[in-house]
Amino acid sequence: MNIEFILLLFMIGFIGSFISGMVGIGGSIIKYPLLLYIPPLLGFVAFTTHEVSGISAIQVFFATISGVFAYRKGGYLNRSLIIYMGISILIGSFIGGYSSKLLSEEIINLVYAMLATIAALLMFVPNKGLDDIPLNQVTFNPALAAVAAFIVGGASGIVGAAGAFILVPIMLVVLKIPTRMTIATSLAITFISSIGSTVGKILTGQVLFLPSIIMVVASVIASPIGAMVGKKVNTKMLQVILAVLIVTTSIKIWLDLF
């Protein structure tokens, strides 16, 4: 691995982690396609889908814990929601991460495209007045939250993502959680999810450790910076940024599948 390839991986990790910290996702919605398409486009060796999903799983683990640390103050973390969704998504992500070894690259990409498409559709459902709810008065349906988290965990574990790019729209649209609380809390839930998918990927030999370490270093630096920026950006703008990222990625994956 030469210095140019190392710098490329670092830049992919930095950009993805900065945006992940800002909009409350683990960054796989950005880094998955970047890792898959950019290296061969620039003349470097291409990663396989399994390798990309393994690298993504490791990177998301560190990116989300850095983001959570940046949001730890301000009352944005909903502990009850973290418990209900965290336990369910951990179980689901481990099952998905472990079983992904049995799936073909086409199936993994198909699962990823379906997740991104559902997330994109949810982002365009109106949720007016949501951010007017005081943080200490936020309520949610525990059973619905747990079931949704388990399904998201299973599907996202397959592709090495922690599921935040679909978890965020679900929390906003289905559970009616205010934007800033969604961003902070989803990072904590995503961190828990990444534990399951990371363990599953490592146990099945899908992780390239050197590229993963480079991505992790970039994540630890960039994710807290993104979180600090996210606290100052208008919530509507954060939703627009996330929607654009999800829609663009979804279209790209579908085009490559057919």
If hydrophobic clusters are built from ILVMFWY residues whose side chains come within less than 4.5 Å, do L208 and L210 share one? yes

Do V45 and L36 share a hydrophobic cluster, counting only Ile, Leu, Val, Met, Phe, Trp and Tyr and linking them when any side-chain heavy atoms are less than 4.5 Å apart? no

Please confirm whether the backbone N or O of L167 pairs with a side-chain atom of S186, one donor and one acceptor, at under 3.5 Å? no

Tell me whether I95 is reachable from L102 by hopping between hydrophobic residues (I, L, V, M, F, W, Y) whose side-chain heavy atoms are closer than 4.5 Å. no

Got a donor-acceptor contact below 3.5 angstrom from the S99 side chain to the G96 backbone? yes

According to side chain to side chain contact (heavy atoms under 4.5 Å, CB included), who are the partners of F10, at least two apart in sequence or on a separate chain? F14, I214, V217, A218, I221

Rounded to the nearest 0.5 Å, what separation is found between the CD1 atom of I213 and the CD1 atom of I55? 11.0 Å

Rounded to the nearest 0.5 Å, how far does CG of L9 lie from CD of E4? 12.0 Å

What is the minimum heavy-atom distance between G54 and V207, and which atoms define it? O-CG2, 4.0 Å

According to a 4.5 Å side-chain heavy-atom criterion applied to Ile, Leu, Val, Met, Phe, Trp and Tyr, with indirect links allowed, do F209 and F44 form part of one hydrophobic cluster? yes

May I ask you to test the I202-I58 pair for a side-chain heavy-atom distance under 4.5 Å? yes

Going by side chain to side chain contact (heavy atoms under 4.5 Å, CB included), name the residues that satisfy it together with T139, two or more places apart in sequence or in a different chain. none

Can you tell me how far CE of M171 sits from CD1 of I177, rounded to the nearest 0.5 angstrom? 5.5 Å

Quick check: do I6 and N2 have side-chain heavy atoms less than 4.5 Å from each other? no

Quick one: hydrophobic cluster around I3, which other residues, with the 4.5 Å side-chain cut-off, linked directly or via members? L7

Side-chain donor-acceptor pairs of residues 77-92 under 3.5 Å, sequence neighbours excluded:
residue: N78; atom: OD1; partner: S80; partner atom: N; Å: 3.3
residue: N78; atom: OD1; partner: L81; partner atom: N; Å: 3.1
residue: S88; atom: OG; partner: Y84; partner atom: O; Å: 3.3
residue: S88; atom: OG; partner: A146; partner atom: O; Å: 3.2

Consider only side-chain heavy atoms of I, L, V, M, F, W and Y, link residues closer than 4.5 Å, and tell whether I195 and F150 are in one cluster. no

Among residues at least two apart in sequence or on other chains, which ones pass ring-ring contact (aromatic ring centres under 6.0 Å, His included) with F47? F5

Taking side chain to side chain contact (heavy atoms under 4.5 Å, CB included) as the test, write out the residues that go with M114, two or more places apart. L110, W254

All heavy atoms of P39 vs all of L8, minimum pair found to be CA-CD2, 4.0 Å

Testing the basics here: between P178 and L172, what is the closest heavy-atom pair and its distance to 0.1 Å? C-CD2, 4.3 Å

